[in-house]
Amino acid sequence: MVLENSKVIIDMDSCTKCKACADECHFYYFESDELMFDETMEEFCIECGKCVAVCPVNAIILKVHKEETLKNVPAKEDLPSFDSLVNLFKTRRSRRQFKDKPVPKELLEKILEVAGKYSPTGHNQENVHFTVVKDRETLKKLSEECTNQVTNLVKTFEDPQGKKTLETSFPPAMIKKIEEILPSFKRALKRIKSGIEVWRWNTEIIIIHSPQDALTLIENCTLAACHIMLAAETLGLGTCSLGYITAFFNQFRPVGKIVKLPLKHIAGYTLAIGYPKARYYRIPARKSLKVKWF
Ligand SMILES: Cc1cc2nc3c(=O)[nH]c(=O)nc-3n(C[C@H](O)[C@H](O)[C@H](O)COP(=O)(O)O)c2cc1C
């Protein structure tokens with residue numbers, strides 16, 4: 001016999017009535033020792049699969065993942081120790097020099113398959129998208145378009161008439177932000193003239209984006225990025241967060257158009273990824289922790 005609704009199927013013959021599912025999720029309850037669904041909760045079920053995870057006899061199936069093989073939770077000994085995690089956290093640094101050596105597609109797939117797929121998302125929406133740019137020509141075009149856009153922005157800002165036009169089109173807070181960032185844009189343009197690629201450090205990139213109506217969009221993309229950065233490090237790759245290029249994807253349509261970024265998507269994070277050139281020997285100290293305890 002099965003108990004079924006639009007989201008889950010329970011094999012009642014296997015169910016031992018241990019109540020683990022009901023303890024884990026208030027969508028389930030027991031009445032006269034019988035497992036029941038709260039039908040008023042059905043539409044709110046986010047298909048997180050905690051009921052599946054906690055069922056000791058594997059009696060619950062999530063319809064959305066019906067065809068997927070369930071993986072067993074690894075043994076505690078197979079998880080990285082706290083000390084090895086500490087080493088990983090401290091070793092990860094933003095790299096700005098990369099070897100001219102493409103990252104094998106399989107390696108990126110391997111990273112995304114776990115780091116991209118298993119990072120948490122608000123309401124379990126699992127709506128984080130990845131655009132990986134490896135093609136040298138496309139990468140070159142991207143950098144050139146970023147430079148064009150920034151050059152135009154600087155020029156417009158330095159022209160009194162142009163600045164006035166911008167002030168009528170954009171909110172004051174945004175104008176103030178651009179004004180603050182202008183000196184660093186000018187420095188970037190100077191470095192570009194001297195042959196340095198400053199937007200993506202002349203390496204491949206992963207753009208992490210989501211539909212614009214996604215809940216917790218920035219948080220989801222940032223968490224995925226964080227997992228990718230750490231996973232990459234374990235495979236001998238280096239990464240760098242690319243805040244500028246993320247902003248360009250969202251502010252300058254021609255930049256997003258080069259990689260066919262969907263119109264109704266927002267780029268939440270961009271990472272440079274490649275084989276780091278420099279070897280780091282030391283971990284500089286960090287400012288003391290700012291923490292309050294109540
Ligand atoms: C949201 C965010 C955006 C960033 N954007 C850039 C960027 O556009 N270019 C760059 O070279 N570094 C960028 N960084 C890297 C920071 O400068 C770097 O994380 C910081 O200096 C600390 O160094 P670490 O990452 O090596 O620990 C960014 C970092 C974050 C978190």
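Order of appearance sets the numbers: ligands from 1, and atoms from 1 within every ligand. Only heavy atoms go into these numbers, but all of them, side chains included; no hydrogens, no water, no symmetry mates.
Heavy-atom proximity to Arg93, at under 4.0 Å, picks out these atoms of ligand 1: 23 (O), 24 (P), 26 (O), 27 (O). Applying the 4.0 Å criterion to heavy atoms of Cys240 picks out, from ligand 1, the atoms 10 (C), 11 (O), 12 (N). Every atom of ligand 1 with a heavy atom of Tyr244 under 4.0 Å away is listed here by number and element: 8 (O).
For atom 1 (C) of ligand 1, the closest non-hydrogen atom on the protein side is Tyr269 OH, 3.8 Å. For atom 11 (O) of ligand 1, the closest non-hydrogen atom on the protein side is Arg96 NE, 2.6 Å. Among protein heavy atoms, the minimum distance from atom 8 (O) of ligand 1 is reached at Gly243 N, 3.0 Å.
Ligand 1 is approached by Arg92 to a heavy-atom distance shorter than 4.0 Å.
Glu145 places no side-chain N or O within donor-acceptor distance of the main-chain N or O of Thr147, the cut-off being under 3.5 Å. With hydrogens and angles ignored, the 3.5 Å screen pairs a side-chain donor or acceptor of Asn124 with a backbone N or O of Ile46. With Lys63 contributing its side chain and Asn5 its backbone, the two residues share a donor-acceptor pair below 3.5 Å. Thr216 contributes no side-chain N or O that, together with a main-chain N or O of Asn220, makes up a donor-acceptor pair within less than 3.5 Å.
Under the 4.0 Å distance rule, the nearest protein heavy atom to atom 13 (C) of ligand 1 falls inside the cut-off.
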Apply salt bridge (Lys or Arg N to Asp or Glu O under 4.0 Å) to residues Lys134 and Glu204 and explain how you reach the verdict. CA-CA 5 Å; Lys134 294 178 59 55; Glu204 301 171 14; 3.0 Å; yes
Residue pair Asp135, Lys141: steps toward the salt bridge (Lys or Arg N to Asp or Glu O under 4.0 Å) verdict: CA-CA 10 Å; Asp135 176 65; Lys141 263 196 214 158; over 6 Å; no
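The side chain of Arg286, and not its backbone, has at least one atom closer than 4.0 Å to an atom of ligand 1 (non-hydrogen atoms only; side chain from C-beta on). By the criterion of a heavy-atom distance under 4.0 Å, the side chain of Trp201, and not its backbone, is placed next to ligand 1.
Here Tyr275 and Phe98 keep their ring centres 6.0 angstrom or further from each other.
In the candidate list Ser94, Ser241, Cys226, Ser241 is nearest to atom 29 (C) of ligand 1, counting heavy atoms.
Enclosure of atom CG in Asp78 by more than 12 non-hydrogen atoms of other residues, nucleotides or ligands within 6.0 angstrom is indicated.
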